[in-house]
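In this text, all values refer to a predicted model and were calculated from it rather than measured experimentally.
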Amino acid sequence: MKKEVNSKKAPGAIGPYSQAVKAGNFIYVSGQLPIDAKSGEMPSDIKEQTRQSLENVKAILEEAGASMDNVVKSTVYLADMSLFGAMNEVYGEYFSGIFPARAAFAVKELPKQALVEIEVVAFHCS
């Protein structure tokens, strides 16, 4: 059984997909662009974009009754691998203990010319 998860504290989906889907004990959070849900704006700096993307992930997980501690896997999409170090610095602030498994890729282009997009999978028994 699956259930849609939506948070007003994160930007709405910009296409035919859900912010997240809870299936069994897993929460699959769609890639989060660094858009502030209140203003609709996107920071220009990679560190602030990473922070905003992760705040969006955090808000969605909280809506599902979970937290960043429940994340078991993440995927980070970057506009350029030269941004990896700065992204990684901020990313590390959001996780503690056992860090999630992670993949990071440079892609040709991200929606809305973002520098980063982050998706996660979390395990949560409710």
Residue list, side chain to side chain donor-acceptor pair (under 3.5 Å) with Glu62, at least two apart or on another chain: none
Flag for Tyr94-Glu55: side-chain donor and acceptor within less than 3.5 Å: yes
Distance-only donor-acceptor check, side chains Gln52 and Glu48, under 3.5 Å: no
Closest non-hydrogen atom pair between Lys47 and Asp45, with its separation: N-OD2, 2.9 Å
Spacing of Glu93 atom CD and Leu54 atom CG [to the nearest 0.5 Å]: 9.5 Å
Close side-chain approach of Leu83 and Gln49, heavy atoms under 4.5 Å: no
Cluster link Val76 to Val29, ILVMFWY, side chain under 4.5 Å: yes
Ring-face cation of Arg102 near Phe95 (centre distance under 6.0 Å, axis angle within 45°): no
Basic-acidic side-chain contact under 4.0 Å: Lys9, Glu63: no
Nearest heavy atoms of Gly92 and Phe99, plus distance in Å: O-CE2, 4.4 Å
Mutual orientation of the aromatic rings belonging to Phe123 and Phe26 [parallel < 30°, tilted 30-60°, perpendicular > 60°]: perpendicular
Expected output: side-chain Gln32 to main-chain Ile118 donor-acceptor under 3.5 Å: no
Val90-Tyr77 co-clustered via ILVMFWY side chain contacts under 4.5 Å: no
Euclidean distance, Glu117 CD relative to Ser30 OG, rounded to 0.5 Å: 8.5 Å
Sidechain-backbone polar pair: Glu4 side chain, Ser18 backbone, donor-acceptor under 3.5 Å: no
Where Leu33 and Ala114 come nearest, the two heavy atoms and their spacing: CD2-CB, 3.8 Å
Whether Lys22 side chain and His124 backbone form a donor-acceptor pair below 3.5 Å: yes
Nearest atoms (heavy-atom pairs only) where Ser53 meets Pro34: OG-N, 3.3 Å
Smallest separation among heavy atoms of Met87 and Val116, with atom names: CG-CG2, 4.4 Å
Where Ala10 and Asn56 come nearest, the two heavy atoms and their spacing: CB-O, 3.8 Å
Spatial distance of atom CZ (Phe84) from atom CG (Leu78) [nearest 0.5 Å]: 7.5 Å
Rounded distance (nearest 0.5 Å) linking atom CD of Glu89 with atom CD1 of Ile46: 11.5 Å
Close side-chain approach of Leu61 and Ser67, heavy atoms under 4.5 Å: no
Cluster link Ile98 to Met68, ILVMFWY, side chain under 4.5 Å: no
Linked, directly or transitively: Val71 and Val5 (ILVMFWY side chains, under 4.5 Å): yes
Within one Ile-Leu-Val-Met-Phe-Trp-Tyr cluster: Ile35 and Ile60, side-chain cutoff 4.5 Å: no
Stepwise side chain to side chain donor-acceptor pair (under 3.5 Å) test for Tyr28 and Glu119: CA-CA 8 Å; Tyr28 299 87; Glu119 67 179 15; over 6 Å; no
